[in-house]
Amino acid sequence: MLCIGMLGFGMWLLGYRARPNLRIACLDVGQGDGIVLEIEGTWNLLIDGGSSNKSAVGQYQILPYLKSRGISRLDGIFISHTDGDHISGTEEILEYVGKGLTSIRVDHLILPDWEEEPENYLKLRELAQTADVQVFQVKAGDRICYGNAQLDILWPEKGAVGEDVNEEAMVMELEYGKFKGLFTGDIGMETEKKLQSAHRLEDVDFLKVAHHGSRYSTGEEFLNVVKPELAVISCSASNTYGHPSPETLRRLENAGTEICRTDRSGAVIVEVDEEKMKVQRFVID
């Protein structure tokens, strides 16, 4: 019995691969956003989760992905703004949790702090309350920590109304050791300039490109400040908006940034360990 046990342990060691300290998975949800963060093998977060051209993306993509990773609890779901292509899958997940139709549990729903709450915002809040999920609102200056990782909220400002959900979307910077990542929702150049004027932007390693690569986001001045090594664009190959725009791609290329697109590469995985960033594409484009 001892020999069998030792053999089994040896085989387990051969097949074991240590999880990275930080893992960022930009899922291929079509025309939308869905990003899963795994931190130190302990904390799991979802940043947005929706699609405008894939139905039931929560049921058929996000939840199966979480289960494939052995994730049974989301410590937080962060919603940048309330357009359907960022929340449709999250609505499904919260509804499933509320009805006991999934083994996944959700602790917190984190929303941008807007003075006025549009219909989709209210629906998310109601779904969270039904699912016994705590709701928090955040604004610029707030910080949330998970182990050695910290999420700094850069936007919206205090007193944001929520009338223009794109320009008042939640913008976050993730810091883990020397790694910095920037998540920009669907903000445009107008908000990029305000963030620059407020001195809230800095050099980062990873950028989630705003608004699926729209020509009206990710401006040259913005890139001159954040200088990302890697930029991920989440969009669908069949989208009718022309995303990502040639102008945005050109600006990123001129900035010397490596570009990954979910419409070509499928899911894009970024692993950070010992101050190194490793990028994996599901399909090599």
Side-chain angles (χ1 to χ4, degrees), residues 17 19-39 44-58 60-69 71 78 80 85-86 88-90 172 174 176 179-186 204-215 217-218 222-223 226-273 276-285:
R17 178 176 178 267
R19 291 196 173 196
N21 290 332
L22 172 66
R23 190 174 194 269
I24 304 170
C26 302
L27 305 182
D28 179 12
V29 293
Q31 190 67 13
D33 268 13
I35 304 170
V36 178
L37 270 58
E38 298 175 49
I39 302 168
N44 306 296
L45 311 175
L46 176 65
I47 301 177
D48 289 335
S51 178
S52 62
N53 71 332
K54 287 189 177 183
S55 59
V57 71
Y60 293 119
Q61 287 194 262
I62 300 175
L63 286 176
Y65 174 79
L66 296 176
K67 291 177 181 178
S68 75
R69 294 291 302 167
I71 296 173
F78 289 76
S80 66
D85 58 337
H86 288 251
S88 63
T90 299
M172 300 186 295
L174 167 64
Y176 189 84
F179 173 86
K180 296 184 191 305
L182 187 61
F183 302 84
T184 53
D186 277 1
V204 300
D205 304 286
F206 166 91
L207 172 68
K208 197 294 294 188
V209 174
H211 213 164
H212 320 287
S214 163
R215 64 183 293 188
S217 300
T218 321
F222 169 80
L223 288 172
V226 299
K227 303 175 183 176
E229 293 180 28
L230 172 71
V232 176
I233 301 172
S234 182
C235 63
S236 166
S238 60
N239 80 84
T240 59
Y241 306 101
H243 296 159
S245 76
E247 295 94 331
T248 299
L249 292 173
R250 185 164 54 250
R251 289 194 291 267
L252 286 164
E253 289 168 356
N254 290 342
T257 302
E258 179 183 355
I259 304 169
C260 289
R261 301 167 45 171
T262 60
D263 61 332
R264 294 186 175 180
S265 298
V268 178
I269 311 297
V270 178
E271 294 184 345
V272 179
D273 200 3
K276 297 178 182 178
M277 181 172 65
K278 179 181 177 182
V279 183
Q280 301 176 39
R281 299 171 176 85
F282 190 78
V283 178
I284 304 299
D285 56 0

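- Under the 4.5 Å side-chain criterion, counting only non-hydrogen atoms from C-beta, I71 is in contact with V36.
- Contact annotation: the side chain of I35 approaches that of K208 to within less than 4.5 Å [non-hydrogen atoms, C-beta and beyond].
- No more than 12 heavy atoms of other residues, nucleotides or ligands shown are found within 6.0 angstrom of OH on Y241.
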Using side-chain contact (heavy atoms from CB on, under 4.5 Å), reason through L207 and L223 one step at a time and then give a plain yes or no.
CA-CA 10 Å; L207 172 68; L223 288 172; 4.3 Å; yes

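- Taking all atoms of both residues into account, the shortest heavy-atom contact from S236 to D263 is C-CB, 3.8 Å.
- No side-chain heavy atom of I24 sits less than 4.5 Å from a side-chain heavy atom of V232.
- When the shell of 6.0 Å around NZ of K227 is examined, it contains 12 or fewer heavy atoms from other residues, nucleotides or ligands.
- Annotation: the span from H211 atom NE2 to S80 atom OG amounts to 10.5 Å, rounded to 0.5 Å.
- Inspection of the T248 and S245 side chains reveals an N or O donor paired with an N or O acceptor under 3.5 Å.
- Between the CZ atom of R251 and the OG atom of S217 there is a distance of 8.5 Å, given to the nearest 0.5 Å.
- Between the side chain of D28 and the backbone N or O of A267, no donor-acceptor pair lies under 3.5 Å.
- From I39, atom CD1 reaches atom CG of L174 across 6.5 Å, with rounding to the nearest 0.5 Å.
- Looking at V279 and V268, their side chains come closer than 4.5 Å, going by heavy atoms from C-beta outward.
- The side-chain hydrogen bond (donor to acceptor under 3.5 Å, both in side chains) search around E258 returns R281, not counting sequence neighbours.
- The closest side-chain heavy-atom distance from T184 to T218 is not below 4.5 Å.
- Closest of all the heavy-atom pairs between L252 and A231 is CD2-CB, 3.9 Å.
- Taking every heavy atom of both residues into account, T90 and D48 meet most closely at OG1-C, 4.1 Å.
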Kindly determine whether I233 and L249 satisfy side-chain contact (heavy atoms from CB on, under 4.5 Å), including the steps that lead there.
CA-CA 10 Å; I233 301 172; L249 292 173; 3.8 Å; yes

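- Between C26 and T262, the shortest heavy-atom distance links the atoms O-CG2, 4.1 Å.
- The line from OH of Y176 to CE of M277 is 15.5 Å long, rounded to the nearest 0.5 Å.
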Is there a side-chain contact (heavy atoms from CB on, under 4.5 Å) between L37 and F78? Walk through the geometry before answering.
CA-CA 11 Å; L37 270 58; F78 289 76; over 6 Å; no

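- For D205, the side-chain hydrogen bond (donor to acceptor under 3.5 Å, both in side chains) criterion is met by no residue, not counting sequence neighbours.
- Between F222 and L182, the closest side-chain pair of non-hydrogen atoms falls below 4.5 Å.
- Smallest separation of non-hydrogen atoms from Y65 and S68: O-OG, 2.6 Å.
- How far OG of S265 is from CD of Q280: 12.0 Å, rounded to the nearest 0.5 Å.
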After noting the C-alpha distance and the side-chain angles of I47 and D33, does the key distance pass the side-chain contact (heavy atoms from CB on, under 4.5 Å) rule?
CA-CA 8 Å; I47 301 177; D33 268 13; over 6 Å; no

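- A donor-acceptor pair shorter than 3.5 Å cannot be found between the side chains of Q31 and H212.
- Remark: the backbone N or O of S51 is paired with a side-chain donor or acceptor of S88 at under 3.5 angstrom.
- Not a single donor-acceptor pair under 3.5 Å links the side chain of N53 to the backbone N or O of N239.
- A donor-acceptor contact shorter than 3.5 Å is absent between the side chain of R261 and the backbone of A237.
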